[in-house]
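What follows is one structure encoded as structure tokens, with my remarks underneath.
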Amino acid sequence: MKFRSLSVFFPAYNDAPSLPILIAKTFAVLEEYVEDYEVIVVNDGSHDNTGDVLEQLRLAHQPYMRVITHPQNRGYGGALRSGIAAAARDFVFYTDGDSQYDVSELPSLLERMGPNTGLVNGYKLERHDPAHRIWIGNVYNFCARVLFRIKIRDIDCDYRLMRRSLLEKINLTSTSGTICVELVRKLELSGCGVVEVGVHHYERQYGRSQFFRIRSLAITFYQLLKLWVRLVLLR
């Protein structure tokens with residue numbers, strides 16, 4: 001039996017080289033496993049040829065594919081908020097447009113979405129990044145889990161399947177990578193069932209991560225502190 005209704009979206013920033021394979025894999029999975037689906041890509045102010053690539057892909061896959069374009073970069077949180085707001089199906093899945101996760105593993109998440117489940121969250125079986133990024137990621141994940149009392153093991157794994165009816169009830173405000181903490185925290189507070197599934201993580205083949213730049217890290221940790229005050233201290 002196919003999964004009944006699913007919106008898939010990808011935030012993309014200068015991801016032109018990885019998008020054609022990613023979109024091809026996505027439609028192959030959806031055609032086999034999902035009855036009613038749509039694919040959305042949020043082009044978050046890319047300054048390479050991501051826009052041109054997405055337009056070609058949209059024409060090839062219409063009417064099942066849409067592109068949302070931010071004239072200027074709004075940050076990872078801004079891209080996720082746009083994708084979530086645009087999703088129209090009963091369930092929403094997203095992962096990054098750089099193909100460090102394999103969308104072919106999506107059926108593993110679909111199988112675990114039960115009637116009382118609101119979030120199926122991936123966790124990296126093994127992280128394939130430079131050593132300093134792994135260290136920073138581990139510290140960030142530990143601090144976020146302790147400060148926000150989040151139960152899932154890998155907040156930093158952007159491979160998530162969510163129930164849209166729950167997303168409509170929460171207000172997301174983050175513009176940086178802290179949106180993952182805000183999103184998971186608010187979903188857990190809703191009382192929904194949460195399931196975790198191990199997924200593979202691959203080396204980045206193209207481009208450069210925006211999260212691990214000094215300015216991005218500074219913004220992220222500053223917003224993390226503000227988020228902690230609002231969600232935990234002043235709850």
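Here, residue 1 is the first one in the sequence, and each next residue gets the next number.
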Which residues share a salt bridge (charged side-chain N to carboxylate O under 4.0 Å, His left out) with Glu188, sequence neighbours left out: none

Donor-acceptor contact present, side-chain Arg4 to main-chain Glu35, <3.5 Å: no

Closest heavy-atom pair and its distance - Ser108, Val197: CB-CG1, 4.1 Å

Least distance between heavy atoms, Ile150 atom then Ala144 atom: CD1-O, 4.4 Å

Verdict with supporting geometry, Ile21 and Ser99, side-chain contact (heavy atoms from CB on, under 4.5 Å): CA-CA 9 Å; Ile21 295 176; Ser99 293; 5.8 Å; no

Heavy-atom donor-acceptor pair, Thr69 side chain to Asn43 backbone, under 3.5 Å: no

Residues that, via side-chain heavy atoms closer than 4.5 angstrom, fall in one hydrophobic cluster with Val146: Phe142

Side chain proximity check, Val67 to Leu57, heavy atoms < 4.5 angstrom: no

Flag, side chain of Ser7 to backbone of Ala88, donor-acceptor distance under 3.5 Å: yes

Shared hydrophobic cluster, Tyr76 / Tyr140 (ILVMFWY, side-chain heavy atoms < 4.5 Å): yes

Residues in salt bridge (charged side-chain N to carboxylate O under 4.0 Å, His left out) contact with Lys226, at least two apart in sequence or another chain: none

Ser82 versus Val42, closest heavy-atom pair with distance: CB-CG1, 4.1 Å

Nonpolar side-chain network containing Tyr123, other nodes, edges under 4.5 Å: Leu125

Asn73 backbone acceptor or donor facing Asp44 side chain under 3.5 Å: no

Check: Ser5/Arg164 side-chain N/O donor and acceptor closer than 3.5 Å: no

Check: Ser46 main-chain N/O paired with Asn14 side-chain donor or acceptor under 3.5 Å: no

Intermediate values then yes/no, side-chain contact (heavy atoms from CB on, under 4.5 Å), Arg160 and Cys180: CA-CA 10 Å; Arg160 296 188 169 96; Cys180 299; 3.8 Å; yes

Pair Tyr33 + Phe3: ring centers closer than 6.0 Å: no

Any donor-acceptor pair under 3.5 Å from Thr178 side chain to Leu224 backbone: no

Considering all heavy atoms, the nearest Cys157-Asn121 contact: O-ND2, 3.9 Å

Pair listing, salt bridge (Lys or Arg N to Asp or Glu O under 4.0 Å) test, anchored in residues 53-62, at least two apart: Glu55-Arg58

Working for side-chain contact (heavy atoms from CB on, under 4.5 Å), residues Leu106 and Val34: CA-CA 11 Å; Leu106 172 57; Val34 182; 5.6 Å; no

Euclidean distance, Glu126 CD relative to Ile134 CD1, rounded to 0.5 Å: 8.0 Å

salt_bridge(Glu182, Arg230) N-O dist < 4.0 Å: yes

Euclidean distance, Leu119 CG relative to Leu187 CG, rounded to 0.5 Å: 5.5 Å

Pairs flagged by salt bridge (Lys or Arg N to Asp or Glu O under 4.0 Å) wherever residues 61-82 is involved - sequence neighbours left out: Glu38-Arg66

Val8-Phe91 co-clustered via ILVMFWY side chain contacts under 4.5 Å: yes

Inter-residue atom distance Lys186.NZ - Leu172.CG, 0.5 Å rounding: 5.5 Å

ILVMFWY network linking Leu80 to Ile152, side-chain heavy atoms under 4.5 angstrom: yes

More than 12 heavy atoms from other groups under 6.0 Å of CD on Gln62: yes

Listed partners of Arg112 passing salt bridge (charged side-chain N to carboxylate O under 4.0 Å, His left out), at least two apart: none

Least distance between heavy atoms, Asp48 atom then Pro17 atom: OD2-CD, 4.4 Å

Nearest-0.5 Å distance, CG of residue Leu227 to CZ of residue Phe148: 4.0 Å

Cluster check Met113, Val184: I/L/V/M/F/W/Y, side chain < 4.5 angstrom: no

Within residues 22-33 or reaching into it, pairs that qualify as salt bridge (Lys or Arg N to Asp or Glu O under 4.0 Å) - sequence neighbours excluded: Lys25-Asp102

Whether Asn116 side chain and Gly193 backbone form a donor-acceptor pair below 3.5 Å: no

Test side-chain contact (heavy atoms from CB on, under 4.5 Å) applied to Ile170 and Leu183, step by step: CA-CA 8 Å; Ile170 63 178; Leu183 175 61; 3.9 Å; yes

Test item: Thr95 side-chain N/O and Asp158 main-chain N/O as donor-acceptor pair under 3.5 Å: yes

Glu105 side-chain N/O to His200 backbone N/O, donor-acceptor pair under 3.5 Å: yes

Asp96: salt bridge (charged side-chain N to carboxylate O under 4.0 Å, His left out) partners, not counting sequence neighbours: none

Check: Ile23 and Met65 side chains under 4.5 Å, non-hydrogen atoms: yes

pair Thr26-Val29: side-chain heavy atoms closer than 4.5 Å: no

Close side-chain approach of Val232 and Leu147, heavy atoms under 4.5 Å: no

Donor-acceptor pair, side chain of Asp15 and main chain of Tyr13, under 3.5 angstrom: yes

Leu225 side, atom CG; Cys143 side, atom SG - distance, nearest 0.5 Å: 11.5 Å

Those residues that, when tested against His61, pass ring pair (Phe, Tyr, Trp, His ring centres under 6.0 Å) (two or more places apart): Phe27

Single-linkage hydrophobic cluster, 4.5 Å side-chain cutoff, Phe9 and Leu30 together: no

Arg127 vs Asp156 side-chain heavy atoms within contact, under 4.5 Å: yes

Nearest heavy-atom neighbours spanning Asn49 and Ala16: OD1-CB, 3.1 Å

Nearest-0.5 Å distance that lies between atom CZ in Arg149 and atom CH2 in Trp228: 8.5 Å

With Tyr159 via ring pair (Phe, Tyr, Trp, His ring centres under 6.0 Å) - residues at least two apart: Phe93, Tyr101

With Tyr64 via ring pair (Phe, Tyr, Trp, His ring centres under 6.0 Å) - residues at least two apart: Tyr37

